[in-house]
Protein chains: 2
Amino acid sequence: MPECVCAALRMATRAVTQIYDDAMRPSGLRVTQYSLLARIARLQPVNAATLEDEMYADQTTLARALKVLEKDGLIRRVPNPDKRVKQIELTQAGRKRLVDARELWAAAQADIVGLIGDAAWKDTRTRLVRLLDAVAER
Amino acid sequence: MPECVCAALRMATRAVTQIYDDAMRPSGLRVTQYSLLARIARLQPVNAATLEDEMYADQTTLARALKVLEKDGLIRRVPNPDKRVKQIELTQAGRKRLVDARELWAAAQADIVGLIGDAAWKDTRTRLVRLLDAVAER
DNA sequence: TATGGATACATGCGTATACATGTTTTATCC
DNA sequence: GGATAAAACATGTATACGCATGTATCCATA
C-alpha cells in the first residue's frame with residue numbers, strides 16, 4: 001500500500017469496487033449506478049446540483065451518470081418551473097431495478113464488512129468522513 | 001458519507017484526487033500517472049504483470065496507462081528474451097518529469113496529511129491495508 | 001517436432017471522472 | 001425594459017477503470 005493518500009485510496013477503491021460490481025452483475029447495475037439510483041430514490045424529486053453536493057462529484061460527472069440511467073429508463077426528468085433545472089425522479093422500472101439490486105448490494109456489503117468486522121468498518125468510515133470533511137473545508 | 005463501503009471510498013477518492021491533481025498540474029502529470037511513474041522508477045526494469053500485482057489493478061487498465069506514459073516519452077520498452085513480456089524503464093525525460101513532480105506531490109501530500117494529522121493518516125492507511133488484504137485474500 | 005494449452009499483453013466497448021467551454025434560462029441593476 | 005451577470009446544465013476531450021475477447025509467444029508433451 002503506497003504512502004500517497006490518493007494512491008492508497010484508489011487502490012482500495014479498485015479492490016472493493018470489483019467485489020460489489022461482481023456481486024451486483026445479475027442486477028444490471030454497477031455499484032456506482034446503484035448508489036446514485038438509491039440516492040435519487042431517497043431525495044426525489046431532486047435536481048442534479050443537489051446530487052453533486054451530496055456525492056462530492058463534479059457537475060459533468062453527474063450529468064453523464066444521469067444520462068446513462070435515463071437511457072436505461074430508470075429515471076426521468078420531471079417538469080420544473082425553472083427550465084434550467086434538471087429535476088429528476090425514478091421511473092417504475094427504476095424502482096423495480098433498485099428493489100431487485102438491493103439484496104445483491106446488501107450481500108456484497110455484508111461480505112466485505114464481515115471480512116474486516118463491523119467495528120473496523122465503522123472506524124474506517126469515520127476516518128473517511130474526517131478526511132472528506134477536512135478536504136471539503138480546505 | 002454513505003454506508004456503502006464502495007461509495008464511501010469512491011467519494012473520498014474523488015475529493016482527494018482533485019487536491020493532488022490540482023497541485024500537480026504544473027508538472028503535466030496527474031497523480032495517477034505520477035504514482036505509476038514513481039513505482040516504475042523503483043522497480044525498473046519491470047514488466048506490466050508485476051505492476052498489476054503491486055497496484056491491484058486490472059491488466060487492461062495498466063496497459064493503457066502505460067501507453068499514455070509511453071506516448072509522452074516518459075517510459076520505454078526494453079528488449080526482452082521473452083517477446084511476450086513488456087519490460088519497461090524510465091526514459092531520461094521520465095526521470096526528469098518525476099523529479100520535477102515529486103515536490104508538487106509532496107506538497108499536496110503534506111497538505112492533506114496536515115489537515116487530518118499524521119497519526120490519523122497512519123491509522124487510516126492501516127485500515128485501508130486491512131481492507132485490501134481482506135479483499136485480496138477472499 | 002508438431003500441437004495444444006498456458007502466458008503476457010493488446011483491443012473493442014462502455015462507464016467513471018473531471019477540466020475547459022458552450023448553451024439556455026433566470027436574476028439583477030441601471 | 002434591456003444589458004449584463006449569474007445559475008444550471010450540456011458537450012468536447014482526455015484519462016481511469018475493467019469485462020470480454022483477440023493475438024503473439026512460449027512451453028510441455030505425445
Side-chain angles (χ1 to χ4, degrees), chain A residues 6-7 9-26 28-37 46-53 55-72 74-75 77-88, chain B residues 6-7 9-26 28-37 46-53 55-72 74-75 77-88:
Chain A
C6 188
L9 280 171
R10 294 190 82 95
M11 196 162 157
T13 300
R14 282 193 296 271
V16 168
T17 297
Q18 282 187 47
I19 303 289
Y20 283 89
D21 275 352
D22 194 50
M24 303 190 63
R25 198 152 293 135
L29 286 178
R30 299 185 180 190
V31 61
T32 49
Q33 298 171 338
Y34 172 80
S35 295
L36 177 54
L37 204 60
V46 62
N47 63 324
T50 302
L51 292 169
E52 288 152 37
D53 292 345
M55 299 176 65
Y56 209 91
D58 188 84
Q59 176 258 312
T60 63
T61 299
L62 243 299
R64 286 180 230 247
L66 292 174
K67 188 184 286 184
V68 172
L69 296 184
E70 206 167 6
K71 165 179 71 67
D72 293 346
L74 304 178
I75 62 171
R77 194 165 182 163
V78 299
N80 194 275
D82 187 339
K83 288 172 188 166
R84 293 172 303 178
V85 174
K86 185 168 192 170
Q87 199 79 8
I88 51 183
Chain B
C6 189
L9 280 172
R10 294 190 82 94
M11 197 162 157
T13 300
R14 281 193 296 271
V16 168
T17 298
Q18 283 188 44
I19 304 287
Y20 283 89
D21 275 351
D22 193 50
M24 303 190 63
R25 199 152 291 134
L29 286 178
R30 299 186 180 189
V31 61
T32 48
Q33 298 170 337
Y34 172 79
S35 295
L36 177 54
L37 204 59
V46 63
N47 62 325
T50 302
L51 292 169
E52 288 153 36
D53 292 345
M55 300 175 65
Y56 208 91
D58 188 83
Q59 175 257 311
T60 63
T61 299
L62 243 298
R64 287 180 229 246
L66 292 175
K67 188 184 285 185
V68 173
L69 296 184
E70 207 167 4
K71 165 179 71 68
D72 293 346
L74 305 178
I75 62 171
R77 193 167 183 163
V78 299
N80 193 276
D82 187 338
K83 288 173 188 166
R84 294 171 303 178
V85 174
K86 184 167 193 171
Q87 198 79 10
I88 51 181

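These values consider heavy atoms only, across backbone and side chains, with no hydrogens, waters or symmetry-generated copies. Lettering of chains follows the sequences in order, A, B, ..., and the numbering in each one begins at 1.
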### Query
Just by modelled atom types, is the V85(A) backbone N or O under 3.5 Å from a matching donor or acceptor in the R77(A) side chain?
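Between the backbone of V85(A) and the side chain of R77(A) there is a qualifying donor-acceptor contact (under 3.5 Å).
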### Message
Under a 3.5 Å distance rule, please check whether D58(A) uses its side chain to pair with a backbone N or O of T60(A) as donor and acceptor.
### Response
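Between the backbone of T60(A) and the side chain of D58(A) there is a qualifying donor-acceptor contact (under 3.5 Å).
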Length of the line joining [X]:[atom1] and [N]:[atom2], which is rounded to integer Å:
{"X": "M11(A)", "N": "dG18(D)", "atom1": "CE", "atom2": "P", "result": "11 Å"}
{"X": "E52(B)", "N": "dC19(D)", "atom1": "CD", "atom2": "C1'", "result": "14 Å"}
{"X": "Q87(B)", "N": "dT25(D)", "atom1": "CD", "atom2": "C1'", "result": "15 Å"}
{"X": "I75(A)", "N": "dC9(D)", "atom1": "CD1", "atom2": "P", "result": "12 Å"}
{"X": "K86(A)", "N": "dT23(C)", "atom1": "NZ", "atom2": "P", "result": "18 Å"}
{"X": "N80(A)", "N": "dA7(D)", "atom1": "CG", "atom2": "P", "result": "17 Å"}
{"X": "D82(B)", "N": "dT7(C)", "atom1": "CG", "atom2": "P", "result": "12 Å"}
{"X": "L66(B)", "N": "dC17(D)", "atom1": "CG", "atom2": "P", "result": "12 Å"}

OP1 or OP2 of [N] versus the side-chain N and O atoms of [X]: is any pair under 4.0 Å?
{"X": "R10(B)", "N": "dT17(C)", "answer": "yes"}
{"X": "Q18(A)", "N": "dC19(D)", "answer": "yes"}
{"X": "R14(B)", "N": "dT17(C)", "answer": "yes"}
{"X": "K71(B)", "N": "dT15(D)", "answer": "yes"}
{"X": "K67(A)", "N": "dT15(C)", "answer": "no"}
{"X": "K83(A)", "N": "dA7(D)", "answer": "no"}
{"X": "T61(B)", "N": "dG18(D)", "answer": "yes"}

Regarding [X], tell me which of base, sugar-phosphate or nothing describes its non-hydrogen contacts under 4.0 Å with the strands shown.
{"X": "N47(A)", "answer": "sugar-phosphate"}
{"X": "R64(B)", "answer": "base"}
{"X": "T32(B)", "answer": "sugar-phosphate"}

#### Entry: DNA chain D: 5'-proximal contact among R77(A) and T17(A) (nearest heavy atom)
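Comparing both residues, the 5'-ward one is R77(A).
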### Comparing R25(A) and A49(A) on DNA chain D - which has the more 5′ nearest nucleotide
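The residue mapped nearer the 5' terminus is A49(A).
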### Query
What's the shortest heavy-atom distance between A57(B) and R14(A), and which atoms?
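Of all heavy-atom pairs spanning A57(B) and R14(A), the closest is CB-NE, 3.7 Å.
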### Shortest non-hydrogen separation from T32(A) to R10(B) and the atoms involved
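Here T32(A) and R10(B) meet closest at CG2-NE, 3.3 Å.
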### Query
Going through the distances and angles, do E70(A) and I88(A) end up as a side-chain contact (heavy atoms from CB on, under 4.5 Å)?
CA-CA 10 Å; E70(A) 206 167 6; I88(A) 51 183; 5.8 Å; no
### Message
At less than 3.5 Å, do the side-chain atoms of T60(B) and the base atoms of dC19(D) form a donor-acceptor pair?
### Response
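Indeed there is one.
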### dA24(D) base / R84(B) side chain donor-acceptor hit below 3.5 Å
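Per atom types, no contact qualifies.
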